[in-house]
Amino acid sequence: MTGATAVSGLLAAEVPYWASSIIKLGVVALVVPTAALILGYVFLMKMMSFMQSRLGPMEAGPYGTLQLLADGLKFLQKEDIFPDKADRTVFALAPLVVLISTFLIYVVIPAGPDAVVAQLDVGVFYALAVSSLSVVGILMAGWASANKYALMGGLRAAGQLIAYELPLVLAVMGVVIQAGTLDLQKIVSAQATGEIFGWGGIGNPFILTQFAGFFIFLVAVQAELTQPPFDMPVAESEIVGGYQVEYTGFRFLFFFMGEFGTAFAFGALASVLFLGGWALPWGDLGHWGFNIAGPVIMLVKVLAVSALIFWFRFTYPRLREDQLQRLAWKFLIPLSLVNIVVTGVFKVVL
Amino acid sequence: MIAEHVAFGIIAAVMVASALRVVTTRDIVHAALYLVIVLAGVAALFLLVGAEFTGITQVLIYIGAVIVLFLFGIMLTRSDFDQDAETDHKRKFPAVLTALLLLAVMIGALVDRFEDIELDPTPQTTAQVSDELFSQYIVPFEAVSVLLLAALIGAIVIARREEGG
Amino acid sequence: MGLVASGKAPKPLTKLLNLSRKYSIWMYQWGLACCAIEMGAVIGSPRYDVMRLGVIPFPASPRQADLVVISGTVTDKMVPSILRLYEQMPDPKYVISMGSCANCGGPYWDSYSVTKGIDQIIPVDVYVPGCPPRPEALLEGIVLLQERIGNEDPAVRWKGGPIVVD
Amino acid sequence: MLLNEMLLLGAVLFCIGVYGVLARRNGVLVLMSIELILNAVNINLIAFGAFHDTVVGQIFALFVITVAAAEVGIGLAIVLLLYRNRRSIDLDQVDLMKG
Amino acid sequence: MTASGTDQRQQLAYVAAQAADARLNVEIETEGMTLNIGPQHPATHGTLRLVARLDGEQVVEAEPIMGYMHRGYEKLAEVRTYPQITTLINRIDWLGSFANEVPFILAAEKLMEVEAPPRAQWIRTALFELSRIANITLFLGDMAVQLGAVTPVFMAFRDREFVLNQIEAATGGRFHPNFDRIGGLKDDLPRGWIEDTKQAMEKMRNFCDEFEELVLGNEIFQARCRGIGIVPPEVGLAYGLSGANVRASGVDWDLRRDGQEALAYDQIDWRVWTHPDGDSFARYWVRLQETREATHMVDQLLDGLPPGPIMAKVPRIIKVPGGEAYAATENPLGEMGYYIVSKGDLVPFRVKIRSASFSNMSITPWLLKGVYVPDIITILASLYFILGDIDR
Amino acid sequence: MSEFLRDYLLVALFLMLAGALVFGMLGLGSLLRPSRPQPQKYITYESGVDPVGLGWSQSNIRYYVFALLFVMFDVEAVFIFPWATRLEAYGTFGLVEMAIFIFILALGLVYAWRKGVLRWI
Amino acid sequence: MSSTETGADAEAGAQPDRRREDWADKMADALGEGCLEHHIIPGSDLWVRVTRDSWTGAATAARDRLGCAFFDWLSAIDWLPSPYGRDMDAQEDNPEPRAAGATEQGYAGGETRFQMVMRLYSVTDHLGITIKADLPDGDLSIDTLIPIFAGANWHEREAWEMFGIRFNGHPDLRNIYLPGEFEGNPLRKDFPLLARRVKPWPGIVDVELFPGEEDS
Amino acid sequence: MALVPGLIKGLKVTARTMLRTLFGDGPPVLPAPSKHAHTVQYPHVKEIPADRARGVIALHEENCTACMLCARECPDWCIYIEGHKYLAPPRREGGKPRQKNALDRFDIDYSLCMYCGICVEVCPFEALFWSPEYEYSEPRIADLLHDKERLGEWMETVPDFEPYEAGSQQKVLKVPR
Ligand code: SF4
Ligand code: SF4
Ligand code: SF4
């Protein structure tokens, strides 16, 4: 709707379209790497270390907070290697495709009544569609490296991503039925103002009524992100890092950023769809104050969801390829189909 | 309106160039990737004329799924990373001729007929699409499911046969 | 191209670059013999936890590694692989030779199948003595390496020689 | 946009697709060319839909996309089958197609 | 070393590498896809190389290529005196180092017809079990990490440190103690050691419990391991599998109980664990139980430690009388034995080292036929080998 | 330009942003990073030995079958989305329509299941 | 042999070892002429020497008649006294390398330079047996044991590499440890360790007599 | 797959470890810095290894008679000793001058040493001792050859021998200072 006024609400002044666009671009250009940094630091470095009763980075900056910055700067200085046999163009573009996929998801994620880049009518649908772009990037990387491990990893990754794309899409359907819209902002407000069987004390965060959906979504996200227990595409003990095997320096870091950026984006998507997004069930949703409080609320929720994702990651061994597909096709997809029908019935009957 | 025309021009140019590369490049993977560009261009065009839902569908189905299918197909049928098999017929002249003739005919038929009609890019919402689909086109809709089922079974049968053999 | 390689980079920039390399050393996880287990302890044992120092043992492929610790006996059969591993790592790259075996052949100095010292094949930046070196000894080696990285001259390093401290 | 611009673009894509179908002898590439053709058709559908200000264009495009997906699925399965049996997806060598 | 010198040597080594690879590749060039796993591969604990011919993700044929860690122990033993050999063989199975010395010393004692005093025997046995714990703990973590779980291996390393501390406090070496002597031990235990060791054993028992929850009970872990890599008992024995690998196939055989070597095992109360399944899970399970059993054994050994000297009377310069002797013990990896041929010299005439992993691994080509790529890892990890123990 | 298109213009801008980030970073890196060609550096990494047996096995048809299943269901999902937004309006009739649709496609899943193509091995 | 041993072995230590003698008899029975000699150390071990031709027969007999299902190991011994003096620490070569005939063999005798040794074990009786066979000097070959014990495969490859002994019928007799271009058989006594001969022994510079033998 | 119980237990274990690392067994108070991890933060805090740890060999030069025993028994041949004989003044008035050895060079090559301790054990004059020090990495391999001054410096770090566990009949020796 009012993409142009996104920031104006915040500043309580009319901001021209081009200015708001630039601000948004700037914000997101910062948010994606920052999100990757935060997740990487908080979870990959610190939470993992704590779970293993150690400390994680301590030397670079206080408590190692600058570790990932150092990593980034270090990777900038690494030599850029194209293997002889690699398909150079495709090899170079693959990380770009993955990164594009990540960036595009952020376009629709709302963090406040006006703090959204573009409020699309088909929000969820769009988010799911662009998130599926990364498959192409991964297949490109796997193919262009001209390396067996990479190709195997690429194929595995693609097979896995598409297998779990479906549960992801279908799990969202329950929310869409309940909210009756694809627009993420409306989904947020539907949750804030909703009622559970006539009781609206805490609104209706869909995690309560759509628990099956949330569960499927979470599992699917775990797989989409190729996190353990679904990390066969990058299994180092089997295929030494899979499609990333030939990537050096910053190109590698782009995959890394893509992975964690997407993790953050999916965490945000999950909190918008199931946890009520930026809103609180009390208070005036249109109030501009939510433009400031919203991002904070979102951040807390996203971190909670990511904590869950990474908790699984550090606890479980990985499944085998066939078990993974079996889980998707024989359990998650039927379950989500049933969930759709049941939700539909409730929606129509109630 | 100007901006839209410019956007259209850019998209169209990129699309045509990519489409040409699709049919001329010797590397199949490259062809598939050029196809991605064409498909993305199509999606952009859809958005440009306000067909939002179809545009996104184009991305989801074509780029996210069909292309993956293509890439799988390619990777499963190429035995080597740097093998360069012949992809084209030896003599392409008849093909060029046919295509050009067809183009001439169509241009002749279309250009004058719809001159200077400005398209109205009012967005058509998903709800509209849905309402139309579930009222007027309910029978084709159900037919689609049967079609998909048939395709599924057909493909599985074919794939299975091959596995046994 | 090659602002740093040509040596024209301003001093503060090189300092910053050195700092980042110092605190971000991705270590290829690969062990050879007994010493590898002590290296494993350095990586894996919470008591030592090398990640604290910014030495991150993630990469499974040499393409993303900065440091390789040659930890253990190097046999003649292994030499080609080690050489290739080293060459496949992108510059700038560092090598720590850990344990008597890698330093000099160690207990197998007279064996018919053991290479007498990894420095015959690749340039080594730090030698850690011991058989096996205690994990702390390796940590000390890493700290020493970090110190030297912090003070090195990238322009020289970019050409591939061992660390030169100015 | 002008309607005829859209239609022209569709026509060009269509012809490129036709050329691909005729000139290529690699099974997968032929399928890709068919995709081009179908997309050209979709462009026309959408353009006319916008012209008449109706969503029917979109609905037909959706159906076409569906059919295209099914077609690719089956087509590629056949190509794979060919490959399995003959170690090649060169359509010239497929006697089967020549009758 | 000058840079140009390095470059030259690099050139030479490079040429040699090319030649070696070319030769090897001719040897194993096959149709279909050939996958190299190792020698630089995180899955192979170092430097085993596995060449697997694949059909899709299925293994048609897999062959381990060894020798990347071959250090020529048997030859070196022919030019080293007995004390020098004792310290050298620490490094065969580098995780269970003290356990390497024991069978060698026992074989030499057999030839010299001396016997260590009881206190020495008991301490030997206790240290033997400590090395077993130190060794298998790492296996428990490592197999989990091979299957993709990162956390267990850290816990394994964490708790293993307690055991290593004790080994170091007693022998002076974390890995390579060189503590056993013909006729006894190098030194007695330092004061307070027994108390600390018992605490460490308590921690290890905690560790075992934690692992039963974290790894063994995990459904994903079970799904990955159950039914994978089944070794039938007859096949296992014919391939020379020993230790937990055959006990997991239901063979009730443990050299600690059934062997004839003079150690204190018959004076304490313990049991041999077996599992009927013979798959990867069974092997893991048996090893976990053995670790816990070992902690109990150490406790008992320390409680019953007899007073007395720790060294029998042996000459200062050791010359072993002529003869042949074979002594084997149940090492963490399986049966490890030394066959010593002596001619009465300062150095043995021939030492044949029977190492467990060598035989344990020889079953892999048989076992890997027809499995899927991810299962290669499970099977290799569950067979548990140490490169030094294979290649020697 | 309409609001609608402006939103999508933003999408396009983001696309470029990603590109700018990638190329910017790589450009910056090229100022800093060394380049030191060595003969073995560009050989494909394969566990430290020469790559052997170039043939990539083509037999892994299972990937394809799963991809195919995915495409079919993805198309299905596309049709469910508009329906889901408007279910309230359609009521029971819409519910039945969709139930049939899902049921028919589920038949496909069942067929695949029964035929054993969902078994990886 | 040791007081801590249990049961049958401890008793057997004092008197002739019935069980091992029984085993030796069974082997002799099964192989007939092929069984040359045996040697028993009561309570400790049993050696049986067979002819080269009965090598596989001995393995089969041990497996089937004695119940030795466990293949322990297989190797060889080179009985040639090292031509490098007492050991390789010696700085000069042995002035007169002794003739092959002058070598002294170990338990259960032997005549030739190379002797095969194999050890089998019974996991039910908990007894082991060491079987030896001599290889004629001119023809270092013997039948493979793979059909009987599949595990012999690698052991035989090792023996081939280390001693140069050929195993008839072995499917895949290649180097197992050393790189392909390696020359020589390291475990033969006449294989020199070059590093030891090149590096001067640091203990050679004698500045003082041994402690305790101090001259006044 | 029978889901759930095992998976949940696993989660419990990791969560417990994390909490314990952060807060020890006490209440969860933030900020909870590094106190409860098992980590010893090496360059800042240094653990003292066990007294018997074999870190580096120290030479008590006064005791060494250059008898070469250690150099001979060393399996790695990594001890290099040179000495010369000289006549020391007689111990008692009017006695004959005694022949003694002076130590010119005593080097241990730590890049080769396998830390077996044989030299320490065989030395009949108690001139060699183990010190648990371990921090002597070098960027140049030649610097790993410690000469007798450097070896002598290590003497300060040699700990006293520990008493033995009850039931032992060993005698506790003394370190010469
Ligand atoms: S230096 Fe010692 S501990 Fe290290 S690998 Fe060599 S023998 Fe093993
Ligand atoms: S510790 Fe062993 S290797 Fe080192 S100098 Fe002493 S005797 Fe030689
Ligand atoms: S250190 Fe001891 S053994 Fe070595 S030369 Fe000196 S006195 Fe002799």
Could you verify whether a donor N or O on one side chain and an acceptor N or O on the other, from E:D187 and H:Y164, lie under 3.5 Å apart? yes
Of the options E:T87, E:T86, E:L88, which is the one that meets H:C116 in a side-chain contact (heavy atoms from CB on, under 4.5 Å)? E:T87
For E:H176 and H:M114, what are the C-alpha separation, side-chain angles and deciding distance, and is it a side-chain contact (heavy atoms from CB on, under 4.5 Å)? CA-CA 9 Å; E:H176 302 320; H:M114 68 192 278; over 6 Å; no
Among E:G308, E:P309, E:P152, E:P307, which residue forms the greatest number of heavy-atom pairs with chain H at distances under 4.5 Å? E:G308
Against chain H, label E:P177 side chain, backbone, both or neither, depending on which of its atoms sit under 4.5 Å from a heavy atom there. backbone
If you count heavy-atom pairs under 4.5 Å between each of E:R91, E:M155, E:R119 and chain H, which one has the most? E:R119
One option among E:T151, E:N90, E:L189, E:N178 has the most heavy-atom pairs under 4.5 Å with chain H, and it is E:L189
Okay, E:R174 and chain H: the region with an atom under 4.5 Å from a heavy atom over there is neither
For chain H, which of E:E161, E:Q222, E:E210, E:E213 has the most heavy-atom pairs under 4.5 Å? E:E213
What option among E:G173, E:P306, E:A170 has the most heavy-atom pairs under 4.5 Å with chain H? E:A170
Please give me the minimum heavy-atom distance between E:T171 and H:R54, naming the atom from each residue. O-NH1, 3.2 Å
Shorter than 4.5 Å, heavy atoms on both sides: which option in H:P49, H:P75, H:A50, H:C74 has the most such pairs with chain E? H:P75
Heavy-atom proximity to chain H below 4.5 Å, by part of E:R181: side chain
Hey, mind stepping through H:R52 and E:E168 against side-chain contact (heavy atoms from CB on, under 4.5 Å) and telling me if it holds? CA-CA 7 Å; H:R52 288 186 184 183; E:E168 184 177 33; over 6 Å; no
Under 4.5 Å from any heavy atom of chain H - which part of E:M311: neither
CD/H:E149: more than 12 non-hydrogen atoms of other groups inside 6.0 Å: yes
Sort E:F179 into side chain, backbone, both or neither according to what part of it lies under 4.5 angstrom from a heavy atom of chain H. side chain
Largest heavy-atom contact set with chain H, pairs under 4.5 Å, which of E:L216, E:D188, E:L214: E:D188
Out of curiosity, H:D76 CG to E:R80 CZ, how far, rounded to the nearest 0.5 Å? 6.5 Å
